[in-house]
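Below is one structure, written out as structure tokens; the observations come after it.
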Amino acid sequence: MMKLRTIAACLMAASCGLTAQQAQAENVVRWAQQADIPTLDPYAFASTHALSFQNHIYEGLVQWNDSLQLEPTLATHWEQLDDTSLRFYLNKGIKFHNGNDFTADDVVASIARVTHPDSGTRGNASSLKDAVKVDDYTVDIRLNGKSPMALNELSGVLIMDREWLEEHKATEPTSMTKGTEGYATNHTNGTGPFKLESRRRDAEMVLVKNDNWWQAEQSKHNIDRIIFQPVSSDSTRLAGMLSGEFDLVSDVPLQDLPRLEREKGIDVKVRPSLRVDYLSLNMADELNAGNVDGKNPLQQHKVRQALHMAIDREAIVKKIMRGMTEVANTYVAPDIAGYDADRAIELDYDPKRAKALLAEAGYPNGFTLAFDCVQGAYLNAEQWCQAVQRYWSKIGVKTNLNVHSRSVYSQIRDNGRTDVAVLGWANLPLYDAYSINQQLIHSKDGGIYGAFNIPRYQNDKVDALIEQSVSELDRPTRVQLMSDALAMAQQDLPFIPLHFEPVAWVTSDKLNITQNSDNVVRLWYASLN
């Protein structure tokens, strides 16, 4: 294994412009994943994979640590001034990667950027109104109203350098949904443990240790360089892991895990995640594949029930997910506040009943739907999309299935240009059902609500419960409101939950790293033997 590691280091030296001697002297982690990180702009795209990578470069006022506890980071502490204001006291002496000082001006600029209407992560910061500088190291963050979620939301607001943003005309965020890009798409300037050395899209990104990181003395990580490679081929990622070319593969095909478990020098890490994988159903007035007799069949509850009952989700879990997870009958995982097993969806696999429901709804001969799936976002998604297509064909529902790269797919899904889409939701960075309620379940309002309400679902009673939960500070009452909203939405079925997506990593046994249920890679807590 050491010989293979040396060979890999030499290969990396050639690709990164290092001498072989320098590469061998460094602790290098080579990290492979099926898809590229589509943007380095922290406010362009609400994605666990993107956040996981960006957190190596940028930091927030607060962050979730390796034990999933919320802790102060760029802030030393904070206090509640009133129901809608928090005062943060900032660490002094912190530098951005380009040498600029971190001050309250950067917090003000970052809050303005994340709350901008075009921000791709606006929904993750819905309680935040703006920030006001008190002095260079004190800042007040004002909220839209009373909110128990402000600190959770701030964990996802990665602080950017105001001077750098202004210099590169990047004060406004980009958006993957709208297909916009800017300087921050491919360039970075954070305060975090690693600096971006190079980026070749869809090929390779290189991070190097930030020698001036303000937390370096307290850090246990000994990693000098991270080389991230998107490798779309499952077999190539597997071969790279077996040969020692990669130290970390963070989305391993489940079917390959038994073989990898038998290999020396490799650690297989599998655990349940917080993510639920869903199908979203277009409930707008028009089907992209064309209405049937002037109507969209998906607007009928019986039709949505039929589509749910036609899918053998147990078979998908057993065969495609290799029995490493379980069917999801709720919209959130058990560890998320608002989960209630007693109010789960009770619709078992029953294709005969599904066919009957279609007939009762007026579609005995079925209909056709546009169906779009994505590569590299969710484990084995292409396979379970194909399985769903086959199950629906058995009840007469035809689908035109297309599979896209993540960047192309996001624009199709988020702009409602399909009838059936796939979506995975882990409720990050909030770790709370408010995330799904506010972004997926609440009707679209063009503002903080419904950013990922792909079905165009609307239920006024559900909306009212969600809005009531926003400012409820009593936790048991708030959790009950969230649970009530989820239960009503689950019965309406704008989304069909499939399964809880497992977290599956394979690492070199020389890489010491903690795997958590949020599926966030935190290499600044890791080390190489």
Side-chain angles (χ1 to χ4, degrees), residues 1-12 24 27-35 48-49 52 66 204 221-223 226-275 277 313-327 375-384 386-387 424 498-523 525-529:
M1 188 70 182
M2 284 302 297
K3 183 177 180 180
L4 290 170
R5 181 181 291 278
T6 301
I7 293 171
C10 292
L11 290 172
M12 286 184 278
Q24 291 178 42
N27 282 327
V28 179
V29 172
R30 199 168 186 112
W31 173 10
Q33 186 173 281
Q34 185 176 13
T48 300
H49 291 301
S52 178
D66 211 21
E204 181 182 272
H221 97 75
N222 64 351
I223 297 168
I226 300 169
I227 300 181
F228 174 92
Q229 286 188 308
V231 181
S232 59
S233 166
D234 291 344
S235 60
T236 302
R237 291 200 308 283
L238 174 63
M241 198 69 226
L242 291 171
S243 70
E245 181 183 358
F246 303 133
D247 301 288
L248 167 65
V249 177
S250 53
D251 52 357
V252 184
L254 300 179
Q255 60 270 22
D256 293 330
L257 293 179
R259 175 184 175 185
L260 290 165
E261 286 176 337
R262 297 192 294 267
E263 295 291 331
K264 293 182 180 180
I266 289 177
D267 286 338
V268 174
K269 303 177 187 292
V270 183
R271 63 174 298 159
S273 81
L274 302 175
R275 184 186 303 280
D277 289 336
R313 295 176 302 145
E314 292 284 0
I316 289 175
V317 164
K318 182 179 179 180
K319 297 177 182 179
I320 296 176
M321 306 307 289
R322 297 304 196 271
M324 296 181 187
T325 184
E326 60 186 56
V327 165
Q375 295 174 327
Y378 315 118
L379 277 177
N380 293 354
E382 291 178 71
Q383 297 174 49
W384 46 258
Q386 293 167 2
L498 296 177
H499 48 259
F500 301 107
E501 183 175 300
V503 180
W505 297 357
V506 176
T507 71
S508 160
D509 63 1
K510 298 186 180 301
L511 177 63
N512 304 303
I513 185 170
T514 299
Q515 181 193 55
N516 287 308
S517 57
D518 62 0
N519 201 19
V520 173
V521 174
R522 296 176 173 90
L523 284 168
Y525 289 118
S527 62
L528 283 167
N529 293 337

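Computation of the quantities below employed the complete heavy-atom set of this structure, encompassing side-chain atoms and omitting hydrogens, waters and symmetry-equivalent molecules. Worth saying up front: this structure is predicted, and the values here are computed from it rather than measured.
- Looking at Ser527 and Asn512, their side chains do bring a donor and an acceptor atom within 3.5 Å of each other.
- Listed here is the closest heavy atom pair of Ser250 and Trp31: OG-NE1, 3.0 Å.
- Expressed to the nearest 0.5 Å, how far CD of Gln33 lies from CD of Gln229 amounts to 12.0 Å.
- Arg259 places a side-chain heavy atom less than 4.5 Å from the side chain of Leu238.
- Looking at every heavy atom in both residues, Ile226 comes nearest to Ile223 through CG1-CG2, 4.0 Å.
- For the residue pair Pro272 and Ser517, the shortest heavy atom distance occurs at O-CB, 3.6 Å.
- Side-chain N/O atoms of Thr48 and Asn519 include no donor and acceptor closer than 3.5 Å.
- We find the CG-CZ distance between Leu523 and Phe228 to be 11.0 Å, quoted to the nearest 0.5 Å.
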Using the rule given for side-chain contact (heavy atoms from CB on, under 4.5 Å), can you reason through Ile316 versus His499, listing the C-alpha separation, both sets of side-chain angles and the distance that settles it, and then say yes or no? CA-CA 9 Å; Ile316 289 175; His499 48 259; 4.2 Å; yes
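- At distances below 3.5 Å, not a single donor-acceptor pair connects side-chain atoms of Asp509 with backbone N or O atoms of Asp267.
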Evaluate Ile266 against Leu242 for side-chain contact (heavy atoms from CB on, under 4.5 Å), listing each step before the verdict. CA-CA 8 Å; Ile266 289 177; Leu242 291 171; 4.1 Å; yes
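- Within the 3.5 Å criterion, the main-chain N or O of Lys269 finds a donor-acceptor partner in the side chain of Gln515.
- Contact annotation: the side chain of Asn27 never approaches that of His221 to less than 4.5 Å [non-hydrogen atoms, C-beta and beyond].
- Rounding to the nearest 0.5 angstrom, the gap separating the CG atom in Asn380 from the CD atom in Gln386 is 10.5 Å.
- Atom CG of residue Leu528 and atom CD1 of residue Ile513 lie 9.5 Å apart, to the nearest 0.5 angstrom.
- Closest approach of Met324 and Pro502 over heavy atoms only: O-CB, 3.7 Å.
- A distance of 6.0 Å separates CG in Asn516 from CZ in Arg271, rounded to the nearest 0.5 Å.
- Between the CG atom of Asp247 and the CE atom of Met241 there is a distance of 6.5 Å, given to the nearest 0.5 Å.
- Evaluated for a side-chain contact (heavy atoms from CB on, under 4.5 Å) with Thr325, the options Val270, Val317, Asp277, Leu379 yield exactly one hit, Val317.
- Within the 3.5 Å criterion, the main-chain N or O of Val521 finds a donor-acceptor partner in the side chain of Ser52.
- Residues Ala35 and Gly376 share a closest heavy-atom pair of CB-O, 3.8 Å.
- Judged by distance alone, the side chain of Arg275 and the main-chain N or O of Glu501 form no donor-acceptor pair under 3.5 Å.
- Evaluation of the salt bridge (Lys or Arg N to Asp or Glu O under 4.0 Å) rule for Arg237 yields Asp234, Asp251 as partners, not counting sequence neighbours.
- No donor-acceptor distance shorter than 3.5 angstrom exists from the side chain of Asp66 to the backbone of Tyr525, with no hydrogens or angles considered.
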